[in-house]
Structures are given as C-alpha cells and as structure tokens.
Amino acid sequence: MMQHYIDVFHAVLPALLNGFWQTLGISLAGIIGGSAIGFVLGLVRGQRVPYLTPLIGGYLHLLRGTPFLVQLYVVYFVLPNTGFALLMWDSLTAALVSLAIYTSSYVTEIVSGAIRAIPRGQWEGAFAIGMRRGQTLRHIILPQSIMLILPSLGGVYVNLIKATSIVSVVGISELTRQGEISILRFPSDILFIYGIVA
C-alpha cells in the first residue's frame with residue numbers, strides 16, 4: 001500500500017511542481033502590482049485629497065463589493081469585447097491584471113487607514129517646524145504607519161495566494177488545476193493528491 005502512494009507521488013510531483021511555480025509567479029506579480037497601486041491610492045486617500053478621494057472610494061466600493069471571480073470574468077471576457085486592442089489580453093495577463101486590481105483594493109484601505117491612525121498632532125508638529133507636506137509624510141507619518149501596515153498586508157497576501165486557484169477558469173494551470181488534472185489520472189487517490197497540493 002505504501003509503495004502505491006510513493007508511485008503516485010512520483011507520478012504527480014512534476015506536474016504539481018510546475019503548478020506550484022506558476023502559482024508562485026502569479027502570486028508574486030499580483031502582490032507587487034497590487035501593492036504598488038494600492039500604496040499610491042492609499043497615500044492619496046489617507047490625505048483626503050478633495051476630488052480624488054471620492055473617486056478612490058468608488059473604486060474600492062466596486063472592487064471590494066464584487067467577488068474576485070466576477071472581476072476576472074470582466075477583465076478576461078468583457079473588456080476584450082469593447083474593441084480596444086489595449087484591453088485584449090491573453091489569459092495570463094488577464095489573471096495578473098485581475099489579481100493586481102483585487103489586491104490593490106485591500107492594500108489601499110490598509111495604507112489609508114494606517115495614515116489616518118497617526119494622530120493629527122504629528123502633522124501639526126511637523127508643519128510648525130517648517131516641514132512641507134511631502135517631507136512630513138516621508139519622514140514622520142510613513143515610518144510610523146509602516147508598523148500598522150505590515151501585519152495587515154500579511155493577511156491580504158495569504159488571501160491573494162489562495163485566490164490564485166480561481167484563475168484556472170481562464171486556462172491557467174496553477175497548483176490547484178494541476179492537482180485536478182492529476183486526480184483525473186489517479187481517481188482513487190483524491191485525498192492523497194489534495195493533501196500534496198495543500
């Protein structure tokens with residue numbers, strides 16, 4: 001019996017490793033892209049810029065109020081039908097764009113919340129000694145905000161890695177999809193294969 005599991009493990013391992021590397025690459029790209037977009041939007045939202053803050057709020061409301069699968073379908077199936085060549089992406093690009101946008105909505109809230117959590121007196125003290133807004137943000141506010149931002153980002157990144165399993169619906173063979181394919185080869189070993197995937 002043990003030999004059977006060893007044989008199955010050796011048979012499915014190359015495909016699962018391929019899926020693992022695909023998942024890792026997609027996750028890292030989503031984390032980098034989503035964090036960059038979210039950090040910029042969070043800085044703007046955290047400072048309550050008059051015309052941009054409501055627009056960013058609408059962006060967040062739309063993205064956080066819809067499931068990731070719906071966002072992926074819109075990016076992959078709906079946007080290419082608009083006729084703009086710039087929006088006609090292959091499945092990998094659509095997956096990366098969707099993950100980055102999805103992640104950015106959460107990172108934006110984390111960053112803006114951390115900036116708002118710093119007492120107003122910190123801003124006023126910096127202005128009193130002649131610092132400009134950008135200097136205050138860079139030297140006073142952001143260093144304090146980082147301690148509030150980092151723990152929350154960990155949770156967002158874990159959710160992003162788990163969300164990569166959804167991109168298989170547009171043809172990306174990430175880890176979960178490779179596990180499903182492996183189960184087709186060894187249907188009596190479903191629990192064992194999913195255990196390896198986990």
Side-chain angles (χ1 to χ4, degrees), residues 1-39 59-82 84-110 149-198:
M1 187 66 168
M2 189 58 135
Q3 185 60 44
H4 170 73
Y5 287 122
I6 292 171
D7 293 341
V8 170
F9 179 78
H10 286 298
V12 301
L13 187 61
L16 294 182
L17 281 176
N18 185 26
F20 170 77
W21 291 117
Q22 183 86 347
T23 298
L24 186 63
I26 291 170
S27 299
L28 285 175
I31 286 169
I32 292 167
S35 296
I37 296 167
F39 192 77
Y59 169 81
L60 297 178
H61 184 71
L62 177 68
L63 291 178
R64 296 183 73 191
T66 56
F68 174 66
L69 181 59
V70 172
Q71 295 171 24
L72 179 62
Y73 280 163
V74 167
V75 170
Y76 186 65
F77 294 114
V78 177
L79 292 182
N81 288 326
T82 60
F84 294 107
L86 185 65
L87 299 177
M88 295 181 188
W89 297 313
D90 61 359
S91 58
L92 181 60
T93 305
L96 295 178
V97 168
S98 300
L99 285 169
I101 291 171
Y102 171 76
T103 304
S104 74
S105 65
Y106 291 95
V107 173
T108 299
E109 284 287 28
I110 291 168
I149 292 170
L150 290 179
S152 300
L153 285 182
V156 171
Y157 295 158
V158 168
N159 282 336
L160 169 72
I161 293 168
K162 290 191 283 187
T164 60
S165 64
I166 296 173
V167 302
S168 65
V169 299
V170 294
I172 306 292
S173 292
E174 44 66 64
L175 181 58
T176 305
R177 181 66 183 140
Q178 290 290 356
E180 292 169 355
I181 292 169
S182 298
I183 286 169
L184 294 175
R185 291 176 56 206
F186 301 97
S188 62
D189 296 304
I190 294 174
L191 186 60
F192 178 68
I193 292 172
Y194 274 137
I196 298 170
V197 169

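Residue numbers run from 1 in the order of the sequence given. Note that the coordinates shown come from a computational prediction; the quantities given were computed from them, not determined experimentally.
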A.B. asks: Does the side chain to side chain contact (heavy atoms under 4.5 Å, CB included) test come out yes or no for Ile37 and Tyr59, once each step is laid out?
C.D. replies: CA-CA 12 Å; Ile37 296 167; Tyr59 169 81; 4.2 Å; yes

A.B. asks: Check whether more than 12 heavy atoms from other residues, nucleotides or ligands sit under 6.0 Å from atom CD1 of Ile6, and answer yes or no.
C.D. replies: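 It does: Ile6 CD1 has more than 12 such atoms within range.
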
A.B. asks: Can a donor-acceptor pair be found, under 3.5 Å and without considering hydrogens, that links the side chain of Thr103 to the backbone of Ala100?
C.D. replies: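 Answer holds: no.
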
A.B. asks: In Å and rounded to the nearest 0.5 Å, what is the CZ to OG distance from Phe68 to Ser105?
C.D. replies: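 Taking CZ in Phe68 and OG in Ser105, the distance rounds to 10.5 Å.
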
A.B. asks: How long is the straight-line distance from CD1 of Ile196 back to CG of Leu191, given to the nearest 0.5 Å?
C.D. replies: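 Answer rounded to 0.5 Å: 10.5 Å.
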
A.B. asks: Decide side-chain hydrogen bond (donor to acceptor under 3.5 Å, both in side chains) for Asp7 and Gln3; before the verdict, give the C-alpha distance in whole Å, the side-chain angles of both, and the deciding distance to 0.1 Å.
C.D. replies: CA-CA 6 Å; Asp7 293 341; Gln3 185 60 44; 2.9 Å; yes

A.B. asks: Between CD1 of Ile26 and CD of Glu174, what distance do you get to the nearest 0.5 Å?
C.D. replies: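 It comes to 6.5 Å.
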
A.B. asks: Rounded to the nearest 0.5 Å, how far does CD of Gln178 lie from CD1 of Ile183?
C.D. replies: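 That separation rounds to 11.5 Å.
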
A.B. asks: Given Ile172, which partner from the list Ile166, Thr23, Leu92, Thr164 fulfils the side chain to side chain contact (heavy atoms under 4.5 Å, CB included) test?
C.D. replies: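 Single side chain to side chain contact (heavy atoms under 4.5 Å, CB included) partner of Ile172 among Ile166, Thr23, Leu92, Thr164: Leu92.
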
A.B. asks: Parallel under 30°, tilted from 30 to 60°, perpendicular over 60°: which one fits the rings of Tyr5 and Phe192?
C.D. replies: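 Tyr5 and Phe192: tilted rings.
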
A.B. asks: Shortest non-hydrogen contact from Ala163 to Tyr102?
C.D. replies: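 Minimum heavy-atom separation between Ala163 and Tyr102: CB-CE2, 4.3 Å.
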
A.B. asks: Minimum heavy-atom separation for Gly179 and Ile193, please, with both atom names.
C.D. replies: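 What the structure gives for the nearest pair is O-CG2, 3.8 Å.
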
A.B. asks: Taking atom CD1 of Ile149 and atom CD1 of Ile110, what is their separation to the nearest 0.5 Å?
C.D. replies: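 These two atoms lie 8.5 Å from each other.
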
A.B. asks: Checking side chain to side chain contact (heavy atoms under 4.5 Å, CB included) between Ser182 and each of Val12, Asp189, Ile190, Val197, which is the one that passes?
C.D. replies: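 Exactly one option meets the side chain to side chain contact (heavy atoms under 4.5 Å, CB included) with Ser182, and it is Val12.
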
A.B. asks: Pairs of donor and acceptor atoms involving the side chains of residues 71-81, under 3.5 Å and at least two apart or interchain, shall be tabulated with distances.
C.D. replies:
{"from": "Gln71", "atom 1": "NE2", "to": "Leu63", "atom 2": "O", "distance (Å)": "2.7"}
{"from": "Gln71", "atom 1": "NE2", "to": "Thr66", "atom 2": "O", "distance (Å)": "3.1"}
{"from": "Gln71", "atom 1": "NE2", "to": "Thr66", "atom 2": "OG1", "distance (Å)": "3.0"}
{"from": "Asn81", "atom 1": "ND2", "to": "Phe77", "atom 2": "O", "distance (Å)": "2.9"}

A.B. asks: Working to the nearest 0.5 angstrom, can you tell me the gap between Leu16 CG and Gln22 CD?
C.D. replies: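 It is 13.5 Å, given to the nearest 0.5 Å.
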
A.B. asks: NE2 of His61: more than 12 outside heavy atoms within 6.0 angstrom?
C.D. replies: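 Atom NE2 in His61 is not packed in, count stays at 12 or less.
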
A.B. asks: Heavy-atom distance under 4.5 Å between the side chains of His4 and Phe9, does that happen here?
C.D. replies: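 No. Closest side-chain heavy atoms not under 4.5 Å.
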
A.B. asks: Between Val107 and Leu153, is there a side-chain heavy-atom distance shorter than 4.5 Å?
C.D. replies: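 With C-beta onward as the side chain, the pair touches.
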
